[in-house]
Amino acid sequence: MLSIDRLSLDYQARYCEENVWRLLAHSQLEARRSWAVIVSSQSGHVVALRQSAGRPGDGLVCWDYHVFAVVDDPDGTRLALDLDSDIPFPCPLARYLAESFPPMRQPRRRPIFRVIAAADYLTGLASDRSHMRKPDGSYFAPPPPWPAPGGGKRNTLLSWIDVSCNSPGARYDLVQMCAFAA
């Protein structure tokens, strides 16, 4: 199984899209099939469990979106890499999905997974970090010390979070995402 030291990776709390962007560029993932997965919903809220920033006990948190990585292991296992989770890193994707995303009764709150090939994510992601700013211009959470992805290109992050947009990547519901994990 992939062995990667989680503590050696670049990480900034509350900037999951950038953490994954940097993770997918890591030398240990270069030769492997990998993807970024943006989790969103029609309601604009994603309920996730086992998140480090979540409540004590079950790690429940309600994000506006979340991003994690998926990589194929040589043994055929598809692995999830979530830097914000207390689940083992890496973790078999099927287990990660089962432990992270509880069933939701309301259709608008069910997670939708946008699965984007790593190469497309690395070249296409652009963020001006505006989604992390308060009305007065200050940040909700300190920004990472590295430059924002995209180098001044038009901000793509917000359209990628929007579940009504058809691209990039493929959109899956939880059942389809579990099939992708198999």
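As the structure is a prediction and not an experimental result, all values here were calculated from the model.
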> Which atom names give the shortest non-hydrogen contact between E18 and S127, and what distance separates them?
Replying inline: OE2-OG, 4.5 Å
> In Å, rounded to the nearest 0.5 Å, how long is the span from CG of L79 to OH of Y96?
Replying inline: 13.0 Å
> Does the pair D84/R14 count as a salt bridge with the N-to-O cut at 4.0 Å?
Replying inline: no
> If you take all heavy atoms of P142 and Q12, which pair is closest and at what distance?
Replying inline: O-NE2, 3.1 Å
> Who are the salt bridge (Lys or Arg N to Asp or Glu O under 4.0 Å) partners of R110, not counting sequence neighbours?
Replying inline: none
>> Starting from V47, can I reach L174 by hopping between I/L/V/M/F/W/Y residues whose side chains sit under 4.5 Å apart?
In response: no
> Does S85 reach the main-chain N or O of R50 with its side chain, forming a donor-acceptor pair under 3.5 Å?
Replying inline: yes
>> Quick one, E99 and L49 - any side-chain contact, counting heavy atoms below 4.5 Å?
In response: no
> Are the side chain of R171 and the backbone of V163 linked by a donor-acceptor contact shorter than 3.5 Å?
Replying inline: yes
>> Under the criterion side-chain contact (heavy atoms from CB on, under 4.5 Å), I'd like the reasoning laid out for R154 against D128: C-alpha separation, chi angles, the key distance, then a yes or no.
In response: CA-CA 8 Å; R154 180 184 64 81; D128 58 12; over 6 Å; no
> If you look at every heavy atom in A94 and A181, which pair is closest and at what distance?
Replying inline: N-CB, 3.8 Å
> If you measure from OG on S3 to CD on Q28, what distance do you get to the nearest 0.5 Å?
Replying inline: 7.0 Å
> Closest approach of P147 and R129, non-hydrogen atoms and distance?
Replying inline: C-NH2, 3.6 Å
> Would you call N155 and S130 a side-chain contact if the rule is heavy atoms closer than 4.5 Å?
Replying inline: yes
> Below 4.5 Å, heavy atoms only, C-beta onward: do F101 and M177 meet side chain to side chain?
Replying inline: no
>> As a quick check of understanding, evaluate ring-ring contact (aromatic ring centres under 6.0 Å, His included) for F113 and F180, giving each step before the final call.
In response: CA-CA 11 Å; F113 302 85; F180 176 75; 9.8 Å; no
>> Donor-acceptor pair, distance only, cut-off 3.5 Å: does the side chain of R22 make one with the backbone of L9?
In response: no
> Do the side chains of W35 and F68 join up, straight or via other hydrophobic residues, at under 4.5 Å, putting them in one cluster?
Replying inline: yes
> Given the rule that I, L, V, M, F, W and Y join up when any side-chain heavy atoms are under 4.5 Å apart, are V115 and I38 in one cluster?
Replying inline: no
> Looking only at heavy atoms, which two atoms of Y15 and A141 are closest? And how far apart?
Replying inline: OH-O, 2.9 Å
>> Nearest 0.5 angstrom please: Y65 OH to S41 OG, how far?
In response: 13.5 Å
> V20, V70: one ILVMFWY side-chain cluster at the under-4.5 Å cut-off?
Replying inline: no
> With no hydrogens and no angle check, is any side-chain donor or acceptor of T123 less than 3.5 Å from a backbone partner on A119?
Replying inline: yes
>> Working note: Y11 + L23, criterion side-chain contact (heavy atoms from CB on, under 4.5 Å); need CA distance, chi angles, decisive distance, verdict.
In response: CA-CA 9 Å; Y11 177 80; L23 171 61; over 6 Å; no
>> As an exercise, state the distance from CG of D82 to NE2 of H66, rounded to the nearest 0.5 Å.
In response: 3.5 Å
>> Donor-acceptor check, side chain of R114 to backbone of D162, threshold 3.5 angstrom: yes or no?
In response: yes
> Linking I/L/V/M/F/W/Y whenever their side-chain heavy atoms sit closer than 4.5 Å, directly or via other members, would L125 and L122 fall into one cluster?
Replying inline: yes
> How about S100 and I87: do any of their side-chain heavy atoms sit closer than 4.5 Å?
Replying inline: yes
> How long is the span from the CE atom in M104 to the OG atom in S43, to the nearest 0.5 Å?
Replying inline: 7.5 Å
>> On a heavy-atom basis, which atom in G54 and which in V61 lie closest, and how many Å separate them?
In response: CA-CB, 3.9 Å
>> Using only atom types and a distance under 3.5 Å, with no angle test, would you say the side chain of R108 pairs donor to acceptor with the backbone of Q42?
In response: yes
> Could R133 and Y139 be counted as a cation-pi pair, given that NZ or CZ must be under 6.0 Å from the ring centre and within 45° of the axis?
Replying inline: yes
> Atom CG of D72 and atom CG of L2: how far apart are they, to the nearest 0.5 Å?
Replying inline: 11.0 Å
> Between the main-chain N or O of G124 and the side-chain N or O of T156, is there a donor-acceptor pair closer than 3.5 Å?
Replying inline: yes
>> Applying side chain to side chain donor-acceptor pair (under 3.5 Å) to W160 and E17, what does each step give before you reach the verdict?
In response: CA-CA 11 Å; W160 291 6; E17 70 280 354; over 6 Å; no
